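What follows is one structure encoded as structure tokens, with my remarks underneath.
In each ligand, atom 1 is the first atom listed, and ligand 1 is the first ligand listed. Positions are given from 1 along the sequence. Quick caveat, the model's predicted, so the values are computed rather than measured.
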Amino acid sequence: MNGAESLVRTLLGAGVDTCFANPGTSEMHFVAALDQIPGMKCVLGLQENVVTGMADGYFRIARKPASTLLHCGPGLANGMGNLHNARRARAGIVNIVGDQATYHAKHDAPLQADTDAMARTVSNWVHTSTRSDQVGADAARAIQAANSTPGQIATLILPSDTSWDEAGAVAAPLPAPDPAQIDPATVQNAARALREEGKVLILLAGHGVFAPAQDLAWRLAQATGATLMADYVTSHLARGRGRLPLNRVPYNTDLARETLAPFKTIILVGAKPPVGFFAYPGKPSTQYADDARFIRLSRPDQDAVAALQALVDELDAPAAAIPDPGPRPDAPTGDCSPEGLARAVAALMPENAIISDESLSYGRGFYPHTFAAPAHDWLHLAGGAIGDGLPVATGAAIAGKGARRVISLQADGSAMYSLQSLWTQAREKLPCTTVIISNRKYQILIGEYGNVGATPGKTAMDMLDLSNPDLNWVSLANGMGVEAAVATNLDELCDLMRSSFTRPGPFLIELIV
Ligand SMILES: Cc1ncc(C[n+]2csc(CCOP(=O)(O)OP(=O)(O)O)c2C)c(N)n1
């Protein structure tokens with residue numbers, strides 16, 4: 001057995017049965033092993049950032065890691081934007097990167113690069129195998145690292161001779177490490193604040209915004225009057241009927257500071273103290289009151305549900321039913337608007353849908369209009385590197401095994417970073433409905449121009465303009481095997497959405513706004 005075969009058998013033995021790939025010569029033995037050993041679902045992405053984004057979306061829904069297969073340093077470099085996002089989303093990925101054979105590296109061949117250095121910037125765990133007899137054991141450790149709470153990017157670099165040499169040995173799965181313990185003194189501290197102080201915010205992120213944690217957080221809020229909110233950079237929220245109508249901390253620092261100003265005590269559950277994505281001249285970096293204090297009930301590497309349960313027990317908070325969100329909205333009619341798009345999604349989405357939201361400026365107000373939708377999962381861009389919406393949707397659809405409709409609410413500029421995802425959606429016949437929000441500009445950056453205190457002239461505005469020529473999304477989608485149509489108002493949008501939900505495969509709607 002060669003090293004590549006030991007790798008594939010070790011992955012399968014540990015339950016890693018999906019591989020998102022864009023291979024090259026240094027990975028050919030891995031590709032050959034996938035032929036010889038049944039059981040691995042292999043999904044081709046036509047650019048590495050699609051591959052890494054798919055692995056992120058897959059983890060968020062499957063709650064277990066997939067593997068990637070990337071081609072040496074430059075291939076990894078292409079995938080780094082979405083590995084960055086995945087690390088911020090705290091996704092678990094077994095990120096496998098091929099490399100030059102150990103004895104070839106000294107010749108400085110054209111694709112030679114410092115793969116290890118690149119990997120370190122986007123990984124929680126990095127290792128380069130140096131002998132084929134170690135590949136299985138190294139893979140088992142990579143899988144273990146990826147399976148840590150809450151999920152980690154584990155990059156395993158495989159020089160090609162470690163794949164083809166015939167000393168491979170399969171390694172048994174290693175147990176996922178236990179999450180770090182909750183500190184009982186912190187639980188008591190939080191309970192004291194909730195009992196004694198008037199305005200306390202419980203800020204939720206990570207596992208703290210999934211359904212089991214929401215029930216516990218709601219009990220705490222009902223028993224103590226605390227306010228509940230989700231972190232802005234939350235990658236995944238359980239939403240809709242039966243779930244909490246949670247709002248996120250606003251993106252805009254002025255709005256965020258206004259929202260958080262009343263809270264002098266903030267209890268963090270999987271969240272960090274909120275800061276702006278960027279600094280702006282004359283504005284503070286932090287989004288909370290200057291005299292706010294934080295109680296870190298659980299860190300991301302701790303069990304948020306256990307932390308909330310301990311606090312519920314400490315306060316003896318009685319069971320409380322999550323309130324009914326009221327009737328589901330009717331399908332909207334008339335001119336396009338952000339509220340109208342949100343209401344269309346809430347009115348029409350099938351039960352248990354997945355929303356991949358890279359709507360940027362158009363999507364800031366989507367939440368209140370979708371509280372009364374059926375239960376669904378809402379995925380956000382957690383790392384700010386645009387271009388993850390379509391790959392995440394594609395990976396999420398693979399994890400949903402064709403049974404869950406995935407709806408991308410997708411800004412046009414960001415979509416152009418990784419539009420090859422549409423081809424994978426067509427090839428895999430995935431139930432993906434993409435709504436391209438076609439404003440033909442980098443709208444958010446026009447606002448940012450003002451926020452940094454500058455006035456854009458013609459050259460600056462040209463840098464923020466996506467027209468001349470207009471992107472033709474129907475042709476782009478058709479060219480990758482995805483059927484598509486244009487909607488210019490909410491009636492057309494709703495008709496196209498409805499019909500897309502009856503199709504087994506993908507469909508794209510260019511919504512002209
Ligand atoms: C990888 C990466 N490159 C560039 C940027 C800078 N950036 C932020 S938003 C944006 C444009 C977004 O335009 P679009 O997706 O059309 O959304 P809109 O602003 O129109 O809502 C750019 C280029 C970024 N955040 N990440």
By the definition salt bridge (Lys or Arg N to Asp or Glu O under 4.0 Å), identify the one residue from Arg239, Arg404, Arg60 that meets it with Asp377.
Arg404
N/O separation below 3.5 Å, Leu466 to ligand 1:
no
State plainly whether the residues Asp465 and Lys458 are in salt-bridge range, i.e. N to O under 4.0 Å.
no
Taking the six-membered ring for Trp, are Tyr251 and Phe277 closer than 6.0 Å centroid to centroid?
yes
Got a salt bridge between Arg440 and Glu510, using NZ or NE/NH1/NH2 to carboxylate O under 4.0 Å?
yes
Which ligand 1 atoms are under 4.0 Å away from a heavy-atom of Gln443?
18 (P), 19 (O), 20 (O)
Please say which of Leu341, Val345, Thr333, Val486 ends up in a side chain to side chain contact (heavy atoms under 4.5 Å, CB included) with Leu493.
Leu341
Tell me, which protein residue and heavy-atom name are nearest atom 13 (O) of ligand 1, and how many Å apart are they?
Tyr442 CD2, 3.2 Å
Out of curiosity, Arg328 CZ to Met349 CE, how far, rounded to the nearest 0.5 Å?
7.0 Å
Taking only heavy atoms of Gly413 into account, list the atoms of ligand 1 that are under 4.0 Å away from them.
14 (P), 15 (O), 16 (O)
Between Arg90 and Asp231, does any NZ, NE, NH1 or NH2 come within less than 4.0 Å of an OD or OE carboxylate oxygen?
no
Would you verify that at least one protein heavy atom lies under 4.0 Å from atom 1 (C) of ligand 1, or report that none does?
yes
Hey, is Lys441 touching ligand 1 through its side chain, its backbone, both or neither, going by heavy atoms under 4.0 Å?
backbone
Closest non-hydrogen protein atom to atom 21 (O) of ligand 1, residue and atom name please, with distance?
Ser361 OG, 2.5 Å
Please determine whether a side-chain nitrogen of the Lys or Arg among Lys64 and Asp17 lies less than 4.0 Å from a carboxylate oxygen of the Asp or Glu.
yes
Please report whether the ring centroid of Tyr367 lies less than 6.0 Å from that of His380.
yes
For atom 25 (N) of ligand 1, which protein heavy atom lies nearest, and how many Å away is it?
Gly384 O, 3.0 Å
Would you please determine whether Gly387 falls within less than 4.0 Å of ligand 1 on a heavy-atom basis?
no
Would you give the length of the straight line joining atom CD1 of Ile509 to atom OG of Ser438, rounded to the nearest 0.5 angstrom?
13.0 Å
Given that the side chain starts at C-beta and the backbone is N, CA, C, O, which of these parts of Asn439 lies under 4.0 Å from ligand 1, counting heavy atoms, or is it both or neither?
side chain
Tell me: protein heavy atom nearest atom 19 (O) of ligand 1, and distance?
Ile444 N, 2.7 Å
For atom 12 (C) of ligand 1, the protein heavy atom that lies nearest, with its residue and separation:
Leu360 CD1, 3.4 Å
How close does the nearest protein non-hydrogen atom get to atom 4 (C) of ligand 1, and which residue and atom is it?
Tyr417 OH, 3.5 Å
Should one rank Asp388, Leu445, Ile386 by closest heavy-atom distance to atom 5 (C) of ligand 1, which comes out on top?
Ile386
Identify the protein heavy atom lying closest to atom 17 (O) of ligand 1, giving its residue, its atom name and the separation to 0.1 Å.
Ala411 CB, 3.3 Å
Does ligand 1 have any atom sitting under 4.0 Å from a heavy atom of Ala385?
yes
